[in-house]
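Step one of this worksheet: look at the structure below.
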Number of protein chains: 2
Amino acid sequence: MPVVARSLSVLDAFGDGVPSLRLSAIAARTGLPAPTTLRLVRELVAWGGLERQADGSYRLGTRLWVLGNRAPCPQRLRDAVGLPILHAATGHSAHVAVADTAGALVIGESGGLVPDGTLLPWHATAAGLVLLAWADDDVRASALAAPARLTPYTVTAPGLLTERLRRIRHGEVAVSREEWRPGRTHVAVAVPGPHGRPAGALALAGRTAIPPGAVAALRRTAAAAGAVLARH
Amino acid sequence: MPVVARSLSVLDAFGDGVPSLRLSAIAARTGLPAPTTLRLVRELVAWGGLERQADGSYRLGTRLWVLGNRAPCPQRLRDAVGLPILHAATGHSAHVAVADTAGALVIGESGGLVPDGTLLPWHATAAGLVLLAWADDDVRASALAAPARLTPYTVTAPGLLTERLRRIRHGEVAVSREEWRPGRTHVAVAVPGPHGRPAGALALAGRTAIPPGAVAALRRTAAAAGAVLARH
DNA sequence: TCACTCCTTTCACGTCGTGGAACTCGCGCC
DNA sequence: GGCGCGAGTTCCACGACGTGAAAGGAGTGA
């Protein structure tokens, strides 16, 4: 592995949401020797991508946060969707999510039921299922390998999940009825993106079933957002 | 410069808010030769920190956004401050900002007057002045070199600005009366951070003057937030 | 005091990054 | 069409720089 990729894999070591890591933990996660890890970590600290804490452990730095906020793609996706409008039109809480390594990451919301920054599990949420349906094979395989039972209604049988993903790929709306949180129903569809893959998932959340009219509005909004994104 | 620092400087080339850059522009901004730039850019694209667009130009990638959102420090700062409470207590729109390269970046707000993600100019906003007062010498020098006149009330004389920064360093509250936007008054104080530097700036925004009582509440909130941050 | 772990420094080795030169492609201009 | 120019890309010999085992601190618990 080249040096640059190694240094970036150090950042990836923080990818699953751990707030801080010690040097040995980073070395273990990346598989790099300790001295090499130390050198890379120091360069990242000098840049601001990592910060050293008082106890010697490291955490992701502000520089990374600032730069990440500049990334135009999730911004454009969120803006293209017009969440407050969808929220007002359907009367349901709306959110957009993009594929992250460990699940579907909520990058924007309106209505308050699914806060910004939430990491939704692949197999138990509507947005997660939509993104998983088009994810890389290895991601899908690991997601289906050991699906956690989060509520009594969580579907965990790999065969059933694979069938759901197949239907979603054929255009069916993804539904999660209390599979993630009790008393919460989600529906989601893909926002069309480049290369035939979704740019993200657009979802509605409610305390009860989502009526067909709201689903239709969701579909229209997702299609419109995809069209907006397509013309740069 | 070592390889890792070079690759990170490529990311920094996008730091001032440009949505996309061509290869030659990145090479020009970083001062790297074209072949070297190409190699680094390709590694960053492979990782996901950059994305190549249809026209061949590059933009910051989703991976960077996702990782940046995981950075605990701005999250903790925003959470520690309790913006909605400050907003409710003072009746004024409140926001928190951290130092970015080109100004003060709003990382959280309540009240709607200063939207999240806004880049506030150093010299014409209260939060900008607070952060500039403790910024590195070279940042301060470049900020004071050519302060833009944004309204008829913008203070642009380097001598006056230096004097204001001196007072702010001595604990005085930073005030901007219509220096950034007509009809907007800001006041800001530092949220104490490690090494005697501010972790960020906490500010109130209003359409009229901010009363002394609100400023006192602002001071108390900033001090309390600094204390929360100090005990990890 | 010893044993252990984690972090850090050192240094000889050789891999891997380097960037000038050269090639290709697309575009605009005469 | 021919020519010139700039941007992006490939190639490759040179040597700087990254590498990681080994050894040296520093802190902690027994």
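Excluded from the calculations below are hydrogen atoms, water molecules and symmetry mates; all remaining heavy atoms, backbone and side chain alike, are included. Throughout, a chain's letter reflects where its sequence line sits, starting with A, and its residues are numbered from 1. None of the values given here were measured: they were computed from a predicted structure.
For B:E179 and B:R164, the salt-bridge test passes: some basic side-chain N is under 4.0 Å from an acidic carboxylate O. Remark: A:R76 does not engage A:D79 in a salt bridge, criterion side-chain N to carboxylate O under 4.0 Å.
In this structure, B:R22 atom CZ and C:dG26 atom P are separated by 14 Å, rounded to whole Å. Note: CG (B:D55) to C1' (C:dC27) measures 16 Å, nearest angstrom.
Counting only heavy atoms from C-beta on, B:R6 has its side chain closest to C:dT18 among C:dC16, D:dA22, C:dT18. Nearest to the side-chain atoms of A:V3 among the listed nucleotides C:dC16, C:dC7, D:dT10 stands C:dC16. Listed nucleotides C:dG20, D:dG18, D:dT19 differ in distance to A:T36; the shortest reach to its side chain belongs to D:dT19.
Across the interface with DNA chain C, nearest-nucleotide mapping of B:P35 and A:A34 shows A:A34 to be the residue nearer the 5′ end. Toward the 5' end of DNA chain C, the nearer of the two residues A:P2 and A:R52, judged by each one's closest nucleotide, is A:R52.
Listed in residue order, the members of residues 23-33 of chain A having a heavy atom less than 4.0 Å from DNA chain C are A:L23, A:S24. Looking at residues 38-50 of chain B, you'll see B:L38, B:R42 sit with a heavy atom under 4.0 Å from some atom of DNA chain D.
Note that the NE2 atom of B:H123 and the CG atom of B:L144 stand 9.5 Å from one another [nearest 0.5 Å].
Contact of the B:R29 side chain with the B:V18 side chain is registered, since non-hydrogen atoms from C-beta on lie closer than 4.5 Å. Side-chain contact between B:L50 and B:V10 is present, with at least one heavy-atom pair separated by less than 4.5 Å. The shortest distance between side-chain heavy atoms of A:L11 and B:R63 does not fall below 4.5 Å. For the pair A:R6 and B:V4, the minimum side-chain heavy-atom distance is 4.5 Å or more. Between A:W65 and B:N69 the shortest side-chain heavy-atom distance falls below 4.5 Å.
Pairs of Watson-Crick or G-U wobble type, with distances under 3.5 Å, assemble into runs of 3 or more in DNA chain C at these ranges: C:1-5 with D:26-30, C:8-30 with D:1-23.
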